[in-house]
**Student:** 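One structure is given below, represented as structure tokens, and several questions about it will come after.
Scope of the values below: all heavy atoms of this structure, side chains included, with no hydrogens, waters or symmetry mates. Chain A is the first sequence line, chain B the second, and so forth, proteins listed ahead of strands; every chain is numbered from 1.
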Protein chains: 2
Amino acid sequence: MAQTQKTRYAILGALTVFPMSGYDIKKWIKDTTGSFWAESSGRVYPMLSEMLREKFVTCNLTQSVGKRCKKTYTITAKGKAALKTWLTKPPQPTVSRDELRLKLFYGKNLTKAQYLKHTLEQQKNMQQRLKYYQKIQAHIKTAHNDISDSFYWLLTIKGAIYHARAELAWCKDIHKIMASKDLASLKKSHKSISFT
Amino acid sequence: MAQTQKTRYAILGALTVFPMSGYDIKKWIKDTTGSFWAESSGRVYPMLSEMLREKFVTCNLTQSVGKRCKKTYTITAKGKAALKTWLTKPPQPTVSRDELRLKLFYGKNLTKAQYLKHTLEQQKNMQQRLKYYQKIQAHIKTAHNDISDSFYWLLTIKGAIYHARAELAWCKDIHKIMASKDLASLKKSHKSISFT
DNA sequence: GATTACATGTAAGTTGTTACATGATTAA
DNA sequence: TTAATCATGTAACAACTTACATGTAATC
């Protein structure tokens with residue numbers, strides 16, 4: 001019964017930073033909250049129209065460089081109120097589908113090489129992410145003087161960094177365990193794997 | 001174009017452990033891979049019928065305790081082959097929607113108390129999870145002698161434990177930062193927040 | 001006597017993605 | 001000149017959830 005429609009709040013949140021067009025919003029969401037939130041244009045544009053009808057946002061046309069018109073949306077007091085109401089509600093734990101973990105869980109059905117291919121790829125991805133996060137972090141610290149937002153962004157990035165580090169530590173552990181033992185000898189020693 | 005249908009593989013994976021009924025499968029998925037994978041009965045039962053037609057599984061009726069009949073599904077060679085093909089493919093990074101993170105990212109729009117309510121709740125949840133994982137971990141180590149599976153399960157749990165620990169460390173950091181500074185003084189000192 | 005667990009399934013609705021259509025501008 | 005970015009939007013489809021229907025058996 002309870003309609004979530006979280007796309008709505010992801011958009012409203014973005015508009016508390018500054019007014020944006022649909023295109024901007026999609027890009028913003030990808031660039032800032034991309035590691036834990038995604039929206040497609042097929043949702044953003046219809047949702048903006050809906051929220052315009054509901055007076056959660058206002059729209060004014062701005063001419064961008066050429067003749068193309070750009071619709072810049074601004075959040076209203078009503079929109080802000082709706083956002084705040086949602087923000088204060090306890091977040092419902094969405095069980096994400098982590099494909100990597102599912103594949104590794106049923107790793108019995110993979111060869112050692114296939115298994116390691118997945119974890120090495122994950123390790124590489126997490127290393128890249130970590131670098132990306134640290135770059136963003138430095139960027140926010142230096143370029144942003146609008147404290148009210150950037151304080152919270154830094155805390156969020158910190159969480160992302162911790163997450164990436166945990167994934168890296170996990171991958172390393174796996175590689176250590178897989179490298180030191182061949183699968184045939186695991187029967188004897190698997191119980192001694194350290195789980196500190 | 002590329003149809004994912006991951007429910008299919010979550011089920012097939014479960015059936016590589018032992019034959020199960022639809023009810024068992026749903027319970028199994030929840031109990032073992034529940035922290036990173038979810039399936040609803042509205043998907044499990046139709047998918048089992050579909051896979052029966054495709055000869056990925058076979059079905060035989062077993063009388064459970066009373067008169068209720070139970071359909072026990074067994075994975076076929078064809079099903080195993082399909083699973084292995086999928087397992088070896090690089091997992092596509094599904095961007096989950098982490099509601100907590102979105103809410104904290106736009107934390108500017110929350111009061112300090114509201115913000116802390118979310119992070120304290122997350123801390124509590126992660127502590128509970130951690131205990132749960134450690135219980136399961138101990139259980140697998142002692143009760144399971146079928147090494148081929150349990151080795152991979154232990155590695156997966158290790159990842160879950162690392163993840164929970166990272167979340168806990170993050171929450172603690174947030175509480176430290178939020179406690180030591182009142183929001184009014186943040187303007188001066190936010191750049192000195194340690195991001196080690 | 002009530003609730004929970006077992007057990008299978010369907011139907012309606014929601015939510016979301018992908019691909020497409022359209023076209024300007026800008027950089028390699 | 002080819003591709004990428006800017007810019008808005010729709011239509012078709014895919015995927016998933018929730019609530020319901022139905023009934024047994026065990027436990028509290």
Side-chain angles (χ1 to χ4, degrees), chain A residues 1-11 14 19-31 34 36-53 57 59-73 86 92-99 102, chain B residues 1-11 14 19-31 34 36-53 57 59-73 86 92-99 102:
Chain A
M1 202 106 306
Q3 278 140 262
T4 42
Q5 294 205 257
K6 293 165 194 174
T7 299
R8 168 180 244 108
Y9 304 107
I11 293 172
M20 293 185 216
S21 67
Y23 186 88
D24 292 334
I25 289 166
K26 200 184 167 297
K27 199 172 179 306
W28 169 264
I29 290 171
K30 199 190 166 194
D31 292 345
F36 59 84
W37 202 270
E39 290 296 346
S40 60
S41 55
R43 288 249 79 203
V44 170
Y45 289 109
M47 185 53 75
L48 279 168
S49 305
E50 200 184 314
M51 290 202 293
L52 191 61
R53 283 196 303 274
V57 295
C59 173
N60 58 313
L61 293 160
T62 48
Q63 300 295 105
S64 64
V65 194
K67 284 166 209 163
R68 297 283 302 156
C69 76
K70 189 176 162 174
K71 294 181 177 179
T72 302
Y73 293 90
W86 181 75
Q92 35 194 136
T94 318
V95 180
S96 58
R97 291 178 142 201
D98 190 325
E99 214 178 303
L102 188 68
Chain B
M1 202 108 311
Q3 278 141 266
T4 42
Q5 294 208 260
K6 292 165 193 173
T7 298
R8 169 180 243 107
Y9 304 107
I11 293 172
M20 292 184 218
S21 67
Y23 185 87
D24 293 334
I25 289 166
K26 198 182 168 297
K27 199 172 179 306
W28 169 265
I29 289 171
K30 199 189 165 197
D31 292 345
F36 59 84
W37 202 270
E39 291 295 344
S40 60
S41 56
R43 289 249 78 203
V44 170
Y45 289 108
M47 184 53 76
L48 279 169
S49 304
E50 200 183 314
M51 290 203 290
L52 192 61
R53 284 197 300 276
V57 294
C59 173
N60 58 314
L61 294 160
T62 48
Q63 300 295 103
S64 64
V65 196
K67 284 165 209 164
R68 298 283 301 158
C69 76
K70 189 177 163 174
K71 293 181 177 180
T72 302
Y73 293 90
W86 181 76
Q92 36 193 134
T94 318
V95 180
S96 58
R97 294 179 142 202
D98 191 325
E99 215 178 303
L102 188 68

**Student:** To the nearest Å, how far apart are A:Lys26 NZ and D:dC6 P?
**Tutor:**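 My rounded result for the distance is 11 Å.
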**Student:** Please give, in whole Å, the distance from C:dA11 C1' to B:Tyr45 OH?
**Tutor:**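 Going from B:Tyr45 (OH) to C:dA11 (C1'), I get 16 Å.
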**Student:** Is A:Ser21 close enough to D:dT8 that one of its side-chain N or O atoms is under 4.0 Å from OP1 or OP2 there?
**Tutor:**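 For D:dT8, OP1 or OP2 has a side-chain N or O of A:Ser21 closer than 4.0 Å.
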**Student:** May I ask you to decide whether A:Lys26 forms a salt bridge with A:Glu39, counting only side-chain N to carboxylate O separations under 4.0 Å?
**Tutor:**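 Not counted as a salt bridge, because no side-chain N and carboxylate O are separated by less than 4.0 Å.
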**Student:** Side-chain N or O of B:Tyr23 versus OP1/OP2 of C:dC6: is the shortest distance under 4.0 Å?
**Tutor:**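 True: B:Tyr23 side-chain N/O within range (under 4.0 Å) of C:dC6 OP1/OP2.
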**Student:** Answer yes or no: does a side-chain N or O of A:Arg97 lie under 4.0 Å from OP1 or OP2 of D:dA15?
**Tutor:**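 Checking A:Arg97 against D:dA15: no side-chain N or O falls below 4.0 Å of OP1 or OP2.
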**Student:** If you find the nucleotide of DNA chain C closest to B:Asp24 and the one closest to A:Ala38, which residue's nucleotide is nearer the 5' end?
**Tutor:**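 Looking at DNA chain C, the more 5' nearest nucleotide goes with B:Asp24.
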**Student:** B:Trp28 has an atom CH2; how far is it from atom P of C:dA7, in whole Å?
**Tutor:**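 Nearest whole value for this atom pair: 16 Å.
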**Student:** Taking CD from B:Gln5 and P from C:dT18, how many angstroms apart are they, rounded to a whole number?
**Tutor:**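 Rounded to whole Å, this separation is 15 Å.
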**Student:** Checking B:Arg97 side chain against A:Ala38 main chain: does a donor-acceptor pair fall under 3.5 Å?
**Tutor:**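 Flag set: sc B:Arg97 to bb A:Ala38 pair under 3.5 Å.
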**Student:** Both A:Arg43 and B:Gly42 contact DNA chain C. Taking the nearest nucleotide for each, which residue is further toward the 5' end?
**Tutor:**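 The residue closer to the strand's 5' end, by nearest nucleotide, is B:Gly42.
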**Student:** Run the side chain to side chain donor-acceptor pair (under 3.5 Å) check on A:Thr62 and A:Thr72 step by step: do they pass?
**Tutor:** CA-CA 7 Å; A:Thr62 48; A:Thr72 302; 3.1 Å; yes
**Student:** In whole Å, I'd like the distance from the NZ atom of B:Lys71 to the P atom of C:dA7.
**Tutor:**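 Taking atom P of C:dA7 as the reference, NZ of B:Lys71 is at 14 Å.
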**Student:** Whole-Å distance between C:dT14 P and A:Lys6 NZ?
**Tutor:**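 Going from A:Lys6 (NZ) to C:dT14 (P), I get 15 Å.
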**Student:** Are the side chains of A:Met51 and A:Tyr73 in touch, meaning some heavy atoms are under 4.5 Å apart?
**Tutor:**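 Side-chain contact under 4.5 Å: no.
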**Student:** With rounding to the nearest 0.5 angstrom, report the NZ to OG distance, A:Lys71 to A:Ser21.
**Tutor:**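 So the NZ of A:Lys71 and the OG of A:Ser21 are separated by 11.0 Å.
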**Student:** Given atom CG of B:Leu61 and atom P of C:dA7, what is their separation to the nearest angstrom?
**Tutor:**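 That distance rounds to 13 Å.
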**Student:** Using atom NZ of B:Lys70 as one end and atom P of C:dG9 as the other, report the distance to the nearest whole Å.
**Tutor:**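 Atom NZ in B:Lys70 sits about 13 Å away from atom P in C:dG9.
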**Student:** Below 4.0 angstrom from OP1 or OP2 of D:dC16, is there any side-chain N or O of B:Thr7?
**Tutor:**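 It does, given that an N or O in the side chain of B:Thr7 lies less than 4.0 Å from OP1 or OP2 of D:dC16.
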